[in-house]
Student: 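There's a structure below that I have some questions on.
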Amino acid sequence: MNAIEFRKITKRFGGFTANRDLSFSVKKGSIHGLIGENGAGKSTAMKVLFGIHPADSGEILIEDRPARITNPVHAMKTGIGMVHQHFMLAGPETVLDNIILGHEPGRVFVGRKRAEAELRSIAKTYGLDFDRWDRPVSELSVGEQQRVEILKLLYQRSKVLILDEPTAVLTPQEVKDLFGNLIRLREEGKTIILISHKLKEVLGYCDEITVIRRGETVGTRKASETDEAELARMMVGRDVSFTYQGERKMFAGTAEMRPLVRVEGLSIESTTEPLRDVSFELKPGEILGVAGVQGNGQSTLLRALAHPAHHRSRWSGGYQFNGKDHSESDPITLRNDGLGLVPEDRLSEGLLLNQDMTENFLLGQHEDPRYSKNGFLLRAKARAVTESKIKEFDIRPPYTTVWTGRMSGGNQQKLVMARALDPGPTVLYIAHPTRGVDVGAIEKIHDAIVRERNRGKAILLFSSELDELIDLCDRMLVFYNGGVRAEFARPEFDPWTIGRVMGGGDR
Amino acid sequence: MLEAVFSNWILPTLRVSTPLIFAALGGMWCERSGVVQIGLEGIMLVGAFFAAVVTHSTQNPWWGLGAGMVAGLVLSLGYGLTVLKLKANQIVAGTAFNLFAMGVPPFLSMIWYDSTGSTPVIPSEALFRSAPLFLMVASVVLSAVFYHRSKFGLRVRFAGEHPKALESAGISVQGKRWQGIALSGMLAGLGGATLSIYLASSFSRNMSSGRGFIALAAVILGKWLPIPTVVACLLFGFTELLQIRLQGVVLWGERPVPVQWIQILPYLITIVVLAFAMGRTRAPKALGGVE
Amino acid sequence: MKNSDQLRIPQSVRSFLRSVVGAIGGLLAGLLICRFAGESPGKVLTVLLNSSFGSGYDFGMTLFYMAYFILAGLAVAIPFKAGLFNIGGEGQLTIGALAAAWAGVAGAGIQSPLLAVLFATAASFLAGGIWGAIPGYLKAKRGSHEVITTIMMNFIAAGVTSYFTLYVLKDPESSQAETIPLSPVFQLKPFAFFNGAPMGELIIVLMVMTLLLHVVLRNSVWGYRLKATGENETAGSTFGISAPGAWFSSMFVAGGMAGLTGLVEVLGNAHRFKIGFSADYGFVGIAVALVARGNILGILPSAFLFGVLQKGAGSLDLETDKVTRDLTYIIQGLIILGVASDGLWELPARLWRKRNA
């Protein structure tokens, strides 16, 4: 029996077709992978299923019977539940309250005792050991919070559990636990749909995998009968090589050159993500990668190096940049001394979304003598340069007056890159250059990074995509628990070893 | 001795705190649901006015109390309409309602009593003696119990903390916010009513004189929790009492303590506590946000 | 799809039109309420207009109120650029006015009128500025929400000014709560054309100042810093724009602007500080800035509108039986709601969709 079947679902937004004749079925009691690139139509398909957007044509069958779901609550009552990428949990509230919200057993009062007894038995049935029902959710680790989300669905008696990119925020150990739990749920008869773009994971744990491209079903494969190369080809529509194809010119004399950045014993106090005794050097003409599971100190390192003044009270250690001490500098000083910065999250840290491209191009450059004089901006000049960058980086739409909030992720990222490269920096700190960026733009951004390296720039590259780092870097630092766990040179790059170190293991 | 302390200090503190406590509890419910309520001041004012008008004409304070509550409710529903339906900024709309409310009593008192903002004096036998005090205690107990133990309390908290979670659990966020706003209107209206028909015997111009803002400060100092909010109200009530008691009293030197210094005390306390004792304020996460 | 961005009516024009319509709607609603008092809205409107434009004196008074509202509006609009809501204009302007009164007493030895005015300007700007900078500082350093702290500062200002008026600068010859009069060299001369209304060159100075502020906020690096902070404080900070700096400086300038009310009220009008001179002008400033949609240049027409309202309402007491000047509070509230209710503009579209669904 099929738990869910999509039959020729089509959904249009204006002139844009998000789903076209989308058809696939999910067997009851299986783990089903749903994969596709950003914007392939995975999330639209789920929104159609949950009744958030009604389909223009086609039908959805649930347990082989046609179903018309009109809203998410209705979907929940039908037995379909979703664990969103951003958890639906209120931090200060307790685990118990978060789980039973909306389904409290009491009439007027919550009835916490009864709810807790029931939850204990559910947790026992599905082997999700958990006993801290009265702790605030904010005290839990990300993996535990995810378990709370799953318990929430089980408490609501969901039969189909949809997980949206569940492993993006987990450590390798937590990923293993998660899939252990999912397999247990499958044994108890639950159906699981896994939305992901990590081919290895879906191959490892799913029974069947459906690939979506440009809103259409490309096909469904049994995990045992396919491989990474085939899935990638189906996702992208052409052969994808997993390694960078551009020219990597060796920069002459790298070894003897004096380092542009020297970090010595840097520690930053922080309750959430401290940095502990980090030292490294960055030389011209090299890309030094910073790898690690999110939350192991990489974010703190980047923020500290880009804005030492902001971390003054929590700072200890040395920071030489371009031969000078910069351990108390602000971003403007660092920029004047040759730093180009692509921050971690372009939406929250990189852009003014309700401003046009020129205003965004000026961010961080507003005190550059090329763009301001006597305390006043030279906006016409900035606009002209922005126009030339739009041409150079092929940014679309090609008008300086467009609000950056209305541009696609890839085009936003190109603008952020163009801005970082504009002053002709000697050092670049680049974080997650291709996060949320379409495949076409990824290649252009990678090209630009390697080109800058070949010109002799020193680049510190932060990424959560290990494959990206392996492709681009000359050396790699692996972070764990706030410190550098190991360093790898390019010939030693091996995803399995690096992955193990990321999880706290040894080389 | 103990009796003297009770009748000279404790009871009067409770009395002057009563309007504050009603309004602050209302503000707490409203802000917990995710809606900023700086309109408490206006609601109190209008509540005080209508309570005095109705008590004067019926000679029964219970009708007056009801009228104050209904007037507050109506004003708060208007506020709900503008912020929930018409998506006005909550601080802007709250300010607008405060201005609007300042105009209402003089406008109506001109029509009804030919006076610019006061009502005729109500004879003392038509005034409350201590009923509002008990009503206040009941509101505190009910608010605390419902806040911590009831489904309603849980859901209101989520409406302000993580509305999407509430929505995805199948509960209407807007519904909870309407209820939070309505509660703030009724309670602040009651609070206003106690100003004119419990603590005084008529409505006088701009009678609330900042108490709505003090109540709001109490909510914040009380970290949006019922009992701490009430404690903050009692502290403010006590300084108000002090202000009355110290009028013309010589504490040191030759001149009496200027009443102004005591007047500004609650506001000063609020700022100091807010800035230096509380650390970063932990407001409901979705407070003031638009859906 | 993206090309349509080019073709749209510019955002600024659209929001200007919305403001105008919203303000007119609020005004009409306020006038209609007069029917409950048995007055015809038409008559009330005639009284309002006649009273504010009827004679040279009337027009001078309208400009006098406009001057208040320019300053109170700027006090709200400037921090708004940096993402702050300054509800504290009322406190800042009373403190500024008190400082002007103090300057007029303390500077009694000054001979030159120009020096006297400059001294009073500096005093009132600084006093208001510091009063505004305190919440700015607390926001920057302690993260205290500015809406709460500015409200509290309003009450503290009321206490402080009342103390100074009654105990420090009290006019012994007056039975009112007011300070000693300024020495004559501080008093501003009104235009003869206004027939006794207390408004002279100052209104021109204020208009030019608004224009300059507009240019500065739009084109200066400082203005850019405020804008970037208001728009996205994290992004600004990542690229070297200090949010605390923007908050502190914008609140200082805003408080200073409000403080300059001292020139209008004390030097230009009363020649002393009187407790309760402001009919909540600081709060009306929120309405002024709102109708101007935060646009500095838009403050001028907006302040003029509220000036007309304020002046006109004064005559309601005399010219009608049952409507008093307090009607302005109702109208001001309704105008704010008319302008702030963005959802109103989506209603037609929503109804249209509903009908077609």
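Everything numeric here is computed off the predicted structure, so don't read it as measured data. Chain letters run A, B, ... following the sequence lines, proteins first, then strands; residues in each count from 1.
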Student: Give a yes or no on this: more than 12 heavy atoms of other residues, nucleotides or ligands lie within 6.0 Å of atom CZ of C/R218.
Tutor: no
Student: How about residues 240-252 of chain C versus chain A: which residues have heavy atoms under 4.5 Å apart?
Tutor: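 The residues closer than 4.5 Å to chain A, in numerical order, are C/G240, C/I241.
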Student: Is any side-chain heavy atom of A/E359 closer than 4.5 Å to a side-chain heavy atom of C/E231?
Tutor: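 Side chain of A/E359 against side chain of C/E231, heavy atoms only: no contact under 4.5 Å found.
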Student: In this structure, are over 12 heavy atoms from other groups packed under 6.0 Å from C/Y137 atom OH?
Tutor: no
Student: How close do C/A228 and A/L363 get, counting heavy atoms only, and between which atoms?
Tutor: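 Scanning both residues completely, I find the closest heavy atoms to be CB-CD1, 4.2 Å.
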Student: Within a strict 4.5 Å, meaning less than it, do heavy atoms of the C/T238 and A/L341 side chains meet?
Tutor: yes
Student: At their closest point, which heavy atom of A/H307 faces which heavy atom of C/S237, and how far apart are they?
Tutor: CD2-O, 3.1 Å
Student: Which heavy-atom pair separates A/E349 from C/F239 by the least distance, and what is that distance?
Tutor: O-CE1, 3.5 Å
Student: If we define contacts as heavy-atom pairs under 4.5 Å, which of C/N219, C/V216, C/V215 has the most with chain A?
Tutor: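 When all of C/N219, C/V216, C/V215 are compared, C/N219 has the most.
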Student: Check whether more than 12 heavy atoms from other residues, nucleotides or ligands sit under 6.0 Å from atom CZ of A/F393, and answer yes or no.
Tutor: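 Enclosed: over 12 neighbouring heavy atoms sit under 6.0 Å from CZ of A/F393.
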Student: Among residues 326-333 of chain A, which residues come closer than 4.5 Å to chain C, judged by heavy atom distances?
Tutor: A/P331, A/I332
Student: Is a side-chain donor or acceptor of C/N232 paired with a backbone partner of A/L353 at a separation under 3.5 angstrom?
Tutor: no
Student: Give a yes or no on whether A/H53 atom NE2 has more than 12 heavy-atom contacts from other residues, nucleotides or ligands under 6.0 Å away.
Tutor: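 Result for NE2/A/H53: enclosed.
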Student: How many angstroms lie between NE2 in A/H366 and CH2 in C/W222, if you round to the nearest 0.5 Å?
Tutor: 14.0 Å
Student: Count the heavy-atom pairs under 4.5 Å between each of A/G364, A/A309, A/S348 and chain C, then report the option with the highest count.
Tutor: A/S348
Student: Side chain, backbone, both or neither: which part of A/L334 has a non-hydrogen atom closer than 4.5 Å to chain C?
Tutor: neither
Student: So which pairs with a foot in residues 78-87 of chain C pass salt bridge (Lys or Arg N to Asp or Glu O under 4.0 Å), sequence neighbours left out?
Tutor: none
Student: Looking at NZ of C/K227 and CG of A/L362, how far apart are the two atoms once the value is rounded to the nearest 0.5 Å?
Tutor: 8.5 Å
Student: Out of curiosity, A/L351 CG to C/T234 OG1, how far, rounded to the nearest 0.5 Å?
Tutor: 12.0 Å
Student: Within residues 370-382 of chain A, which residues come under 4.5 Å of chain C, heavy atom to heavy atom?
Tutor: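 Within residues 370-382 of chain A, the residues under 4.5 Å from chain C are A/S372, A/G375, A/F376, A/L377, A/R379.
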